[in-house]
2 protein chains.
Amino acid sequence: MAVTAKDVALLAGTSKSAVSAAISGKSGGTVRMSHATRRRIIEAARQLGYAPNPLAQSLSTGRTGVLGLVLPYADAFVDRNPFCSRIMNGVLDEAIRQRFNMMLFTGDGAGACGAETLDPRVDGLIVVVPSVDNPLVRMSSERFSPCVVVAGWPELPNIPTINADDFHGGWLATEHLIKLGHRKIAMFYNQGEPEGFGPRAEGYKSCLLEHGICCDKDLLIGAGCDWRPGFERMNEILDRPRRQLPTAVFCVNDLCAEGAMRAIRTRGLKVPDDIAIVGFDDTWFAQVTRPALTSVRMPIHQMGLLAVDLLKKLIAGESVENLNTLLPVSLTIRQSCGAPPEMQTAEDIEFLPFDHTYEEIINESQK
Amino acid sequence: MAVTAKDVALLAGTSKSAVSAAISGKSGGTVRMSHATRRRIIEAARQLGYAPNPLAQSLSTGRTGVLGLVLPYADAFVDRNPFCSRIMNGVLDEAIRQRFNMMLFTGDGAGACGAETLDPRVDGLIVVVPSVDNPLVRMSSERFSPCVVVAGWPELPNIPTINADDFHGGWLATEHLIKLGHRKIAMFYNQGEPEGFGPRAEGYKSCLLEHGICCDKDLLIGAGCDWRPGFERMNEILDRPRRQLPTAVFCVNDLCAEGAMRAIRTRGLKVPDDIAIVGFDDTWFAQVTRPALTSVRMPIHQMGLLAVDLLKKLIAGESVENLNTLLPVSLTIRQSCGAPPEMQTAEDIEFLPFDHTYEEIINESQK
DNA sequence: GTGAAAGCGCTAACAT
DNA sequence: ATGTTAGCGCTTTCAC
């Protein structure tokens, strides 16, 4: 067994409580002690190699210094979805910087937040689950254990959220296609959205409208955030008579876009010549598809950082002024829409890992 | 405050210990109870929404059900180094599958494993730190808290390790260059290696020797596992008189290789025409450099999986027959060495995230 | 200024 | 078969 406070007390000739006070450095409470005893205790602790047992500490104080990160499914912690990876990166990055430990949870299935979710082993939760419903929110109120939702809109109020401007992203993507002369533009939206088509699709519709293009219902297609639905929906569309084919598809994310491109390839057609494709997320993934994807970039890493900052404040009991953060997006233009080279974003190898220092990201977020 | 075992006991009209026994399902020990009481307790617990406090549970039992993952520096948890990401992915993947929770630690600086390392909040540790020295091992013995070292060789015995066959990897890379006609082959090894040049460099030397090529000491160059040392060393080399330039460089990993390629580019030279480059790791990163890297592939993800399996056994008190696992490597041939197209590995988009299901990986590891 | 004692919520050995 | 009790290691309030 490890050395305990009792051992230290014995050696220093004091009581456990003195040890606790000395080690934690809190001269608060009724416990004040002479410099001499404090020193003696510290020395004894050092000598014995004593460190407080965080488990016992937490049980006693109700604080753990651990943040929980909830991703939608186990695979999400893995390379499986570069968006999730990147969110996780941001969160971990900042958590480590802020000297929080991290614990990982998975919200098995859509929006499920099991009993483990209200785990006293964490001081708060960062939730990155597509549809965030009641159980989560109940938790947040029942226990005084705050949570922050990233990339999602919980149904109940008073839950802080951090999102990118999906609506504007949808708008940008659509506008780009229109500029390139497309009129029959399909959209693959995420069928899982709690209500309606989701903000990305709303941006798409709004942009079409603004440009006087009729929003054909047959072109607004329920897909999902993985490559498979993209693949399947595109296959179905390609069965339509040639006249009814869209000339471009805006996909709800990059994975979905790759699925669509794969279906197109399989049929012997070409992107962008036959059908143009736009994605959403613009992680490294968009660089390695062939052709490279034109995609809406969101400040994913920064979203993770902000989530931790926000959660930290909530844990500290500070009130937050801006409950719903909305971060700006932009369009990265590559080859999947046939944009002329001068429009294309330079294929920046700089995007690769080694230039993502913390300072840069902070600066980036401040300007 | 949350509902406790006491509340349940009160409602069910039994004692706390009965509740504990009923909930944990352990009819072992001296505690056996009638079906009736058990049912009553279960029902009461359900009614109250009771769940045991894992913190208290752990404090009492000394088990937490949490694995700790130690990466060398905070950034390593982040995209910063695709190798680390991928290891982490493997570990998380399997940990989740085995219903372990994960906690993340960073061994700030080389080989440092602070007090937090012997954290009772975890049942065991998976350590992915380049130079694993004594503090870690001391921990492992002092507490009965096992650890597994991944991609490293601790100095003390009896610590289970999981490694790829780095020596053979170095051999493969060098042989490839020799086959392509290179004779002046430099190697950038990792200066941080505890002793000597590390197994990758040994493989390199051994291969040169076997092919009757003198191992020029000026070509065995201390670099590191990041792009910066690769960049700087290559810059220095390019200052040498043209006669002394190597025609190829084998880099200790892909990041280092990219640094070297960048230096070459900066000087207006071309890879592979002027200098050929081989990397090591072969993560997705090797696909997105220009030119794409020829690189030694290791079963990184699988190393993570195995680490968890091994640790699980150790925690369960099982003894492990094979203390030092060595996994096979292979060479992925792309464009950075000027290999003829027919030698090149098909640029497999299949490598991308969506085909990494658990089953595949398991199958892959079995054949 | 310092130490004793209660309790955080649970488990497991011990009486009943 | 069931209930009682004593910790796990720490913090913190309360007497001294």
Side-chain angles (χ1 to χ4, degrees), chain A residues 1-41 44-45 48-65 115 118-121 123 143-145, chain B residues 1-41 44-45 48-65 115 118-121 123 143-145:
Chain A
M1 266 306 150
V3 39
T4 79
K6 198 171 158 188
D7 303 325
V8 178
L10 224 62
L11 179 60
T14 65
S15 72
K16 285 195 310 178
S17 31
V19 174
S20 171
I23 297 292
S24 69
K26 285 184 189 170
S27 47
T30 343
V31 185
R32 244 183 293 172
M33 55 182 29
S34 64
H35 258 325
T37 25
R38 155 158 291 144
R39 268 247 274 280
R40 217 175 46 226
I41 292 174
L48 265 51
Y50 167 76
N53 181 335
L55 230 45
Q57 231 163 350
S58 304
L59 183 59
S60 190
T61 60
R63 278 291 161 76
T64 64
L118 28 123
D119 192 317
R121 284 177 298 191
D123 288 340
R143 281 185 62 219
F144 173 68
S145 169
Chain B
M1 265 309 150
V3 39
T4 79
K6 198 170 158 188
D7 302 325
V8 178
L10 223 63
L11 179 60
T14 65
S15 70
K16 287 196 308 176
S17 31
V19 174
S20 171
I23 297 292
S24 69
K26 285 184 189 168
S27 46
T30 344
V31 186
R32 244 182 295 173
M33 54 182 29
S34 65
H35 259 323
T37 28
R38 156 159 289 145
R39 269 249 273 278
R40 217 173 47 221
I41 293 174
L48 265 50
Y50 167 77
N53 180 337
L55 230 44
Q57 232 163 347
S58 305
L59 184 59
S60 188
T61 59
R63 279 291 163 77
T64 64
L118 29 120
D119 193 316
R121 285 176 297 191
D123 288 341
R143 282 184 62 219
F144 174 68
S145 169

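Note on naming: letters A, B, ... go to the chains in the order of the sequence lines (proteins, then strands), and numbering restarts at 1 for each one. Note: hydrogens, waters and symmetry copies are ignored here, and every other heavy atom, side chains too, is used.
- Nearest nucleotide to the side chain of A:Tyr50, out of D:dC10, C:dC10, C:dG3: D:dC10.
- One atom, CG of B:Leu59, and another, P of C:dG7, lie 17 Å apart when rounded to the nearest Å.
- Going from atom CG of B:Asn53 over to atom C1' of C:dC10 covers 8 Å, rounded to whole Å.
- Interatomic distance, A:Ser60 OG to B:Leu55 CG, rounded to the nearest 0.5 Å: 10.5 Å.
- Listed pair A:Ser24 / D:dT11 fails the phosphate criterion, with no side-chain N or O lying under 4.0 Å from OP1 or OP2.
- Of all the heavy atoms in B:Ala56 and A:Leu59, the pair that sits closest is CB-CD1, 3.9 Å.
- Backbone-only engagement by A:Thr37 is indicated by non-hydrogen atom pairs under 4.0 Å involving sugar-phosphate atoms exclusively.
- In this entry the distance linking CZ of B:Arg40 with P of D:dA1 reads 16 Å, nearest Å.
- For B:Asp7 and C:dC10, the CG to C1' distance is 13 Å, given to the nearest whole Å.
- If you measure from atom NZ of B:Lys16 to atom P of D:dG7, you get 14 Å, rounded to the nearest angstrom.
- Distances from the side chain of A:Thr4 to the nucleotides D:dG9, C:dT11, C:dA5 place D:dG9 closest.
- Across all strands, A:Thr14 comes closer than 4.0 Å only to sugar-phosphate atoms, never to a base (heavy-atom distances).
- Taking the nucleotide of DNA chain C with the nearest heavy atom to each of A:Ser15 and B:Gln57, the more 5' of the two is matched to A:Ser15.
- For the side-chain contact (heavy atoms from CB on, under 4.5 Å) with B:Val8, the qualifying choice from B:Ile23, B:Leu48, B:Thr14 is B:Leu48, the only one to do so.
- Of all the heavy atoms in A:Val3 and A:Gly49, the pair that sits closest is CG1-O, 3.7 Å.
- Side-chain to base pairing of B:Ser20 with C:dA12: no donor and acceptor N or O lie closer than 3.5 Å to each other.
- Looking only at distances, a side-chain donor or acceptor of B:Thr64 sits under 3.5 Å from a matching main-chain atom of B:Arg121.
- Following rounding to the nearest Å, A:Leu48 (CG) and D:dG9 (P) show an atom-to-atom distance of 14 Å.
- Rounded to whole Å, atom C1' of D:dT11 lies 15 Å from atom CG of A:Leu55.
- Distances shorter than 4.0 Å separate none of the side-chain N or O atoms of A:Ser17 from OP1 or OP2 on C:dT2.
- In this structure, CZ of B:Arg39 is placed 18 Å from P of D:dA1, rounded to the nearest angstrom.
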